[in-house]
Protein chains: 2
Amino acid sequence: MIEKFTNDKVSEILKSAGLRLTDARVGVLSVLAESEGALSQEQIAEKLADIAPNKTTIYRVLESLVRKGIVHKAFTRERSVYFELGDNCSEKQCHPHFTCTSCDRTVCLTDVEVPLAGIGEKGFEIHHQKVEIQGLCPGCSVEG
Amino acid sequence: MIEKFTNDKVSEILKSAGLRLTDARVGVLSVLAESEGALSQEQIAEKLADIAPNKTTIYRVLESLVRKGIVHKAFTRERSVYFELGDNCSEKQCHPHFTCTSCDRTVCLTDVEVPLAGIGEKGFEIHHQKVEIQGLCPGCSVEG
DNA sequence: ATTTTGTTGCAACTGAGTTGCATTGTTGAT
DNA sequence: ATCAACAATGCAACTCAGTTGCAACAAAAT
Ligand SMILES: [Mn+2]
Ligand SMILES: [Mn+2]
Ligand SMILES: [Zn+2]
Ligand SMILES: [Zn+2]
């Protein structure tokens, strides 16, 4: 598996954000860094079986990472929040997420750009635009 | 208050969808038809104090209306789902929703169009694209 | 080493939404 | 109008993701 971040890199990110280096924090951030897509608390816990932090701890770690902008809440599904690194987002927009209604998988469209809504002249100030798409993924949309 | 739908219109919609005319169903649909924005189960219940349907009933009514496409799940906030009529949506995209991080209000941008993500040539088939925006509303974005 | 302050585990809690089941209401046919 | 078929409702109990209070603990600064 290709590590997106080394352990040192994770430590550096946390330190320069003014966050303490704890096993739980390093673990959660590493798991998110190595993940293809967004993960729920439960999925993160599964991948941290060695450290086995309490679920409260995971939620509090995630909260701290979100507050620093290191991690984003990507989307909510089945009443669970899914978290991912904030590094694949532009200033005002996160990459879109596509969920296939057939195979029920969610894909990060990291290279897709959707223009910001044109609501500036109406006085709205956009800080963050999120796009969620439902439909059929290439695998499920069999044609021919 | 301007009624978007008359009682007769609500009845007609339900009948042509093959749904039975019950007090709860007529009530919920009327409330949504008269509302400016999306409403949670709790908000709908407040506006139906006269009928006072059980919350389970409201959820089941909403489910039936969503299944028929009459009502959409607009967004999730604070772990609550907000419902609204599906009539302000185009075929493949619902209107964007803007939430102000200052006054905490959510606005339906019914007249705003955001282009669909260009992922057709990658094999994705878009059924529904949802856009959520965070930022400052005209009232809170004081300038000058 | 000591202090300061942030972090953790645990258990109890919260609250939106769901489920099973007995009862009631709507509808279409007679 | 009556009736049968089936959908809708109310209620209570439940689920389960996420939260809270607090005492024990660990990281960082001195
Ligand atoms: Mn993503
Ligand atoms: Mn809306
Ligand atoms: Zn698929
Ligand atoms: Zn505002």
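Chain naming here is simple, since letters A, B, ... match the order of the sequence lines and numbering starts at 1 in each. Everything numeric in this text was worked out from a predicted model, so none of it was measured. For the numbers below, each heavy atom of this structure counts, side chains included, while hydrogens, waters and symmetry mates do not.
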Contacts of type ring-ring contact (aromatic ring centres under 6.0 Å, His included), residue A/Tyr82, not counting sequence neighbours: A/Phe75

With A/Phe83 via ring-ring contact (aromatic ring centres under 6.0 Å, His included) - residues at least two apart: none

What residues form a side-chain hydrogen bond (donor to acceptor under 3.5 Å, both in side chains) with B/Asp23, not counting sequence neighbours? none

Suppose we screen for ring-ring contact (aromatic ring centres under 6.0 Å, His included). Which residues come up paired with A/Phe124, at least two apart in sequence or across chains? B/Phe98

So which one's nearest nucleotide on DNA chain C is more toward 5', A/Ala24 or B/Val81? A/Ala24

Tell me every residue that passes salt bridge (charged side-chain N to carboxylate O under 4.0 Å, His left out) with A/Lys122, counting only those two or more places apart in sequence or in another chain. B/Asp111

Rounded distance in Å - OH (A/Tyr82) to P (D/dG18): 9 Å

My understanding is that only residues two or more places apart in sequence, or in another chain, count here; which of them pass side-chain hydrogen bond (donor to acceptor under 3.5 Å, both in side chains) with A/Arg77? A/Asp104, A/Thr106

Around atom CD of A/Glu91, are there more than 12 heavy atoms of other residues, nucleotides or ligands at under 6.0 Å? no

Please tabulate, one pair per line, all N/O donor-acceptor pairs under 3.5 Å involving side-chain atoms of residues 44-63 of chain B, not counting sequence neighbours.
residue : atom : partner : partner atom : Å
B/Asn54 : OD1  : B/Thr56 : N            : 2.9
B/Asn54 : OD1  : B/Thr56 : OG1          : 3.0

Nucleic acid contacts of residues 35-49 of chain A, taken as heavy-atom distances under 4.0 Å to DNA chain C: none

Return the 5'-most residue of the pair A/Arg67, B/Glu78 with respect to DNA chain C, ranking by each residue's nearest nucleotide. A/Arg67

Encode nucleotides 25-30 of chain C as B, S and - characters from 5' to 3', where the letter depends on protein heavy atoms closer than 4.0 Å: B to the base, S only to sugar-phosphate, - to neither. BBS---

If the condition is side-chain hydrogen bond (donor to acceptor under 3.5 Å, both in side chains), which residues does A/Asp87 pass it with, not counting sequence neighbours? none

For DNA chain D, determine which residues of residues 51-65 of chain A have any heavy atom closer than 4.0 angstrom to one of its atoms, and list them numerically. A/Lys55, A/Thr56, A/Tyr59, A/Arg60

Could you list all the ring pair (Phe, Tyr, Trp, His ring centres under 6.0 Å) pairs where at least one residue sits in residues 9-28 of chain A, not counting sequence neighbours? none

Derivation of the side chain to side chain contact (heavy atoms under 4.5 Å, CB included) call for A/Glu84 and A/His95: CA-CA 11 Å; A/Glu84 68 182 354; A/His95 57 269; 3.2 Å; yes

Establish, with yes or no, whether the OP1 or OP2 oxygen of D/dG18 is under 4.0 angstrom from a side-chain nitrogen or oxygen of B/Arg79. yes

A/Arg77 CZ to C/dG17 P: how many Å, rounded? 18 Å

